[in-house]
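Read through the structure below, which is laid out as structure tokens, and then see the notes.
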4 protein chains.
Amino acid sequence: MTKSSPGFAGIYPPIPTAFDANGKIDYKAQAENLARWEAAPLEGYVVGGSNGEYISLERAERVELVRFTRANSAAGKQIIAGSGMHSTKATIELTIAMAEAGADAALVVTPSYYKSKMDHRTLIAYYTAVADESPMPVLLYNVPANTGIDMPVETIVELSAHSNIAGVKDSSGNVGKMGEVCHRARSGFQVLAGSASSLLGAIAMGAVGAVPALGNIAPEQVHRLWSFAREGDYESARAIQLPLIAVNQAVTARFGVPGLKAAMDMLGLYGGPPRPPLLPLEPVEIERLRTVLTQAGLL
Amino acid sequence: MTKSSPGFAGIYPPIPTAFDANGKIDYKAQAENLARWEAAPLEGYVVGGSNGEYISLERAERVELVRFTRANSAAGKQIIAGSGMHSTKATIELTIAMAEAGADAALVVTPSYYKSKMDHRTLIAYYTAVADESPMPVLLYNVPANTGIDMPVETIVELSAHSNIAGVKDSSGNVGKMGEVCHRARSGFQVLAGSASSLLGAIAMGAVGAVPALGNIAPEQVHRLWSFAREGDYESARAIQLPLIAVNQAVTARFGVPGLKAAMDMLGLYGGPPRPPLLPLEPVEIERLRTVLTQAGLL
Amino acid sequence: MTKSSPGFAGIYPPIPTAFDANGKIDYKAQAENLARWEAAPLEGYVVGGSNGEYISLERAERVELVRFTRANSAAGKQIIAGSGMHSTKATIELTIAMAEAGADAALVVTPSYYKSKMDHRTLIAYYTAVADESPMPVLLYNVPANTGIDMPVETIVELSAHSNIAGVKDSSGNVGKMGEVCHRARSGFQVLAGSASSLLGAIAMGAVGAVPALGNIAPEQVHRLWSFAREGDYESARAIQLPLIAVNQAVTARFGVPGLKAAMDMLGLYGGPPRPPLLPLEPVEIERLRTVLTQAGLL
Amino acid sequence: MTKSSPGFAGIYPPIPTAFDANGKIDYKAQAENLARWEAAPLEGYVVGGSNGEYISLERAERVELVRFTRANSAAGKQIIAGSGMHSTKATIELTIAMAEAGADAALVVTPSYYKSKMDHRTLIAYYTAVADESPMPVLLYNVPANTGIDMPVETIVELSAHSNIAGVKDSSGNVGKMGEVCHRARSGFQVLAGSASSLLGAIAMGAVGAVPALGNIAPEQVHRLWSFAREGDYESARAIQLPLIAVNQAVTARFGVPGLKAAMDMLGLYGGPPRPPLLPLEPVEIERLRTVLTQAGLL
């Protein structure tokens, strides 16, 4: 049912989707961005994650972006495809389509609309059904800031027993929880940190890698941080980590995807407009963001 | 751009979608349920709302359910179609399709995935774009328990100035807020209460009607409650209201859509299974629900 | 153990505590305010509630304020004394002292520091111990905006069986919950609404009275609203209710106790400074508050 | 205004207060516990913190506990005294009394009752007033699980400029925030982690020490974890950290102070009953806790 389970140690930026002024995907800009990321020390990409505005994409666009990324990246780069839909059946079908489009793993967000019913029993049933049918390894995706759901340790640990569930991307920033998962999940289960703000803390507690928005605009720094920490040189890692926190807050919690795209525009990548309902930053926000990037030495 | 704005005074149950054991829509069961509701004193239906599991439906299924409900209900019944999607463009297109399928009004839920960015400016832009293009009146849909977004009074009031935004369905249960909206919105803007637990309070504060889950299983009682309150007989209304609160909590906050469907099964309607990831109630939950219905005199 | 249980139907403003510029209680100003309130149609006062800044008062000050209010108010006015402390023993002792100082009932806030432990079992034990020892009727006090604790219906209903627990002041604004309490609590158990924003809705659902901050600055209006609703004239009540919501939001959620005091200063009562850590409003906030009062016709 | 600022690198357990069956402080048991802790490798104690049930203590008891701890501990041990009250004036007076009783530093919790008013301006004014008058260094105390207030980075950073504010104890578990504070606060400002669940992550991000409930029952392990991390041996530190997380969750979030006391009873310290309203664990909870301690090798 699955390829031999790959390792996800490393940095996998959740790449944004380039839109033109009419809200259409701009594949030329997407290719240029990918060329930049390909030159950086990255182990792969998350395609169709929260920063990819997957929620605003058509299903066909999501599949095409995976195919496109696969075609425009080196063979060794792992493609992790966001394949979460709102019904179990739709998620399974999209996961299969993503594997056919060239993805190496599926990143499956917690369903979240019926929040009070997304209990242990329901999440176990959901992920088990998806992992049973997925032709590639599944990564759980916990992102409470977007979903309002914070998957409990017990649920993650029980799901880790499934041979086709390879790990979890946890964007909660709760490194104590990540450590508890590392301790109690089956051996080989991998934790990926979802946020660069606490990346060093997450690695200290046992995370093997990360899916950081910041990886799009500062891949070298984020990767160096990760490398130093992996080698046990926490002091050098901390010297990189601390100045990046304010930048990361700016392109996530504070300004969100429009902020990440504005930062990309400032840094010579193609950011462009988000797809509505998301709106571009206002001029005063752009200036604040510029200050943050300048203070961190990225501009 | 719009038909002459209709009134929404009355009770509009958010009808569930009947699925068979394989998760397919069971139109025969849906028709039988509709026949029951048609015999009840209801002003219309919400099709494809939260209780209709719209989030787990394919787009084509959502449209077909509207067409089907229109075809199976009396001419005077108003069909309010849930037409919210995750991108502005997709919502506009579905809203137009819903009008063509026979809907009288669109119920448009707040976009919610990028919660920190769903600010006043973004919501104004979103709803204005949708209302500008909608061939039928738009109702705002505020349901914080599902979306994690609670649309502020200021935003609702500003949107009420749009001639094609007819009102708001507010499921927050915050009747003070509903009153403030009634007071400050443009004259004629209509507030529909989303919950039967505080329906009498909502009417007292100015709501003209409701979209209550309870309307599916106790339409006569809910409608009588509403009628008494409209006529100013609050004491009679209260005598109906108070025993219904526990039932309403059971089929919404406590047991959710699976609870509503289990109650329908008990009451001779077709409930059936929810579509996964939602799971049917467990036996012990069914017994608790039966007790609640019995205590309220519905069984 | 208790006097024959009094009725709390009516309006009981939670009176603020007058401080001079040095943070000392200004009894002269307090007396002048009381004289104004005595001339208004009010059934009594809550002394040492949240708006009385009880949390910042010394224990002796809290007792003295009750004695002072008793001495400066008509015989028929009921004095409800906030007597919640953080330990069970301290609450019992203060409750006894409050009765000796002339209070007619005790308003006992939920303990809240150890939030995760304030479960049903703990709250039942706490209130039972206090009510067992109290020489006067106890009112439960649920104020989640300040405490982070929202007492469940089950807990209130179980406590209502205690002969010395006369009712609950619920400041949650959740009128559905108030209705459920009215329905399931022992006969005679009284619900007082804690907020004027949803007062009409609360009365519709069964509340007998209120403890509204707004009662300090608009007692005639609030009392008229209550009287109309009690008589079943909901339309007249609503005409008073709706314009008051914005004012109430301003002197509670938005500007808090400093806002209430600033409003009192504008209206010819003594507001004065709050006790630190609370700070007086800033000039720009005062202007905004003045606009709100003016728009509501209070200025 | 201050002694030369001491360093707080190290482990400072927030020691519980021993009560007898009547709820009185049991100083004999307290002395015996202290003798155990004195034999452990600890840099000092927090007296009158959340785990000390300060909120349920009389003011005089809080001062006496500091005097008693000073008298029963070695000269080199630093005593950090919880001195937060609800008014600014009361906090200042208690802080001065704590210094006279022998404390080396004051731990001042955020005021929290008027949550919506505890904004940047108010917190700056509060802590500045306290630090201006305190005869010893002040540590800010951020504990959102108890207070509902999460002090923003901006506020902590601005307060770090005060020469008598030595650091912050942050119990939020948000190590990204701790890192940001380390980066932006004045040089020498010290961050103490409030939770053992993410201690290693916190140290990685720049925290110099911790105030962990777990330090009361597993001081050697916690101190070894800290030492390894300080020396850069993160692998050895992680081997200690991970099995402790479940224990820490049990004696904090899950079972709270009653859980910590029950664990102390199991481990040969005096735990005894908490002071009401807190209740002792129920038998079934005790068994669950015993399992957790056994699995972690502490029993």
Side-chain angles (χ1 to χ4, degrees), chain A residues 152-154 157 170-185 191 193-207 210 212 214 225-226 228-250 252-254 292 295-296, chain D residues 152-154 157 170-185 191 193-207 210 212 214 225-226 228-250 252-254 292 295-296:
Chain A
V153 168
E154 296 304 326
V157 167
D170 192 335
S171 297
S172 69
N174 182 343
V175 302
K177 184 180 161 188
M178 293 182 211
E180 177 76 341
V181 167
C182 289
H183 183 58
R184 291 180 50 202
V191 173
S195 165
S197 288
S198 51
L199 177 51
L200 181 56
I203 297 171
M205 301 291 286
L214 209 55
L225 192 176
W226 174 80
F228 277 131
R230 295 276 285 185
E231 296 157 7
D233 182 356
Y234 276 75
E235 221 161 311
S236 299
R238 190 182 307 123
I240 303 173
Q241 169 75 79
L242 297 194
L244 288 180
I245 300 173
V247 183
N248 188 61
Q249 289 304 103
T252 57
R254 191 166 166 203
V292 171
Q295 283 171 346
Chain D
V153 168
E154 296 304 326
V157 167
D170 191 333
S171 297
S172 70
N174 183 342
V175 303
K177 184 180 160 189
M178 294 182 211
E180 176 77 341
V181 167
C182 290
H183 183 57
R184 292 180 48 204
V191 173
S195 166
S197 288
S198 51
L199 177 51
L200 182 55
I203 297 172
M205 302 291 288
L214 209 54
L225 192 176
W226 174 79
F228 278 131
R230 295 278 284 187
E231 295 158 8
D233 182 354
Y234 275 75
E235 221 160 313
S236 300
R238 191 182 307 124
I240 303 173
Q241 169 75 80
L242 297 195
L244 288 180
I245 300 173
V247 183
N248 188 61
Q249 290 303 104
T252 57
R254 192 167 166 203
V292 171
Q295 283 172 347

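Here is the naming used below: chain letters follow the sequence lines, and residue numbers restart at 1 for every chain. Not measured: the values here are computed from a predicted model.
Taking the side chain as every heavy atom from C-beta outward, A:Val153 and D:Gln249 never approach each other to under 4.5 Å.
Contacts of A:Glu154 classified as side chain to side chain donor-acceptor pair (under 3.5 Å), with partners at least two apart in sequence or in another chain: A:Arg184. The side chain to side chain contact (heavy atoms under 4.5 Å, CB included) search around A:Ala202 returns A:Val175, A:Met178, A:Ala193, A:Ala207, not counting sequence neighbours.
Only the side chain of A:Gln241 comes within less than 4.5 Å of a heavy atom in chain D; its backbone stays farther off. D:Leu244 does not touch chain A: none of its heavy atoms, backbone or side chain, sits under 4.5 Å away.
Chain D forms more heavy-atom pairs under 4.5 Å with one residue of A:Ala196, A:Gly232, A:Pro243 than with any other, namely A:Pro243.
Counting all heavy atoms, side chain and backbone alike, A:Gly176 lies closest to D:Ser198 at N-CB, 3.9 Å. Taking every heavy atom of both residues into account, A:Leu242 and D:Cys182 meet most closely at CD1-CB, 4.2 Å. Across all non-hydrogen atoms, the minimal contact from D:Ala204 to A:Arg238 is O-NE, 2.7 Å. Minimum heavy-atom separation, D:Met205 to A:Gly201: SD-N, 3.5 Å.
Expressed to the nearest 0.5 Å, how far NZ of D:Lys177 lies from CD1 of A:Ile245 amounts to 12.5 Å.
Few gaps surround CD on A:Glu231; more than 12 heavy atoms of other groups in view lie less than 6.0 Å from it.
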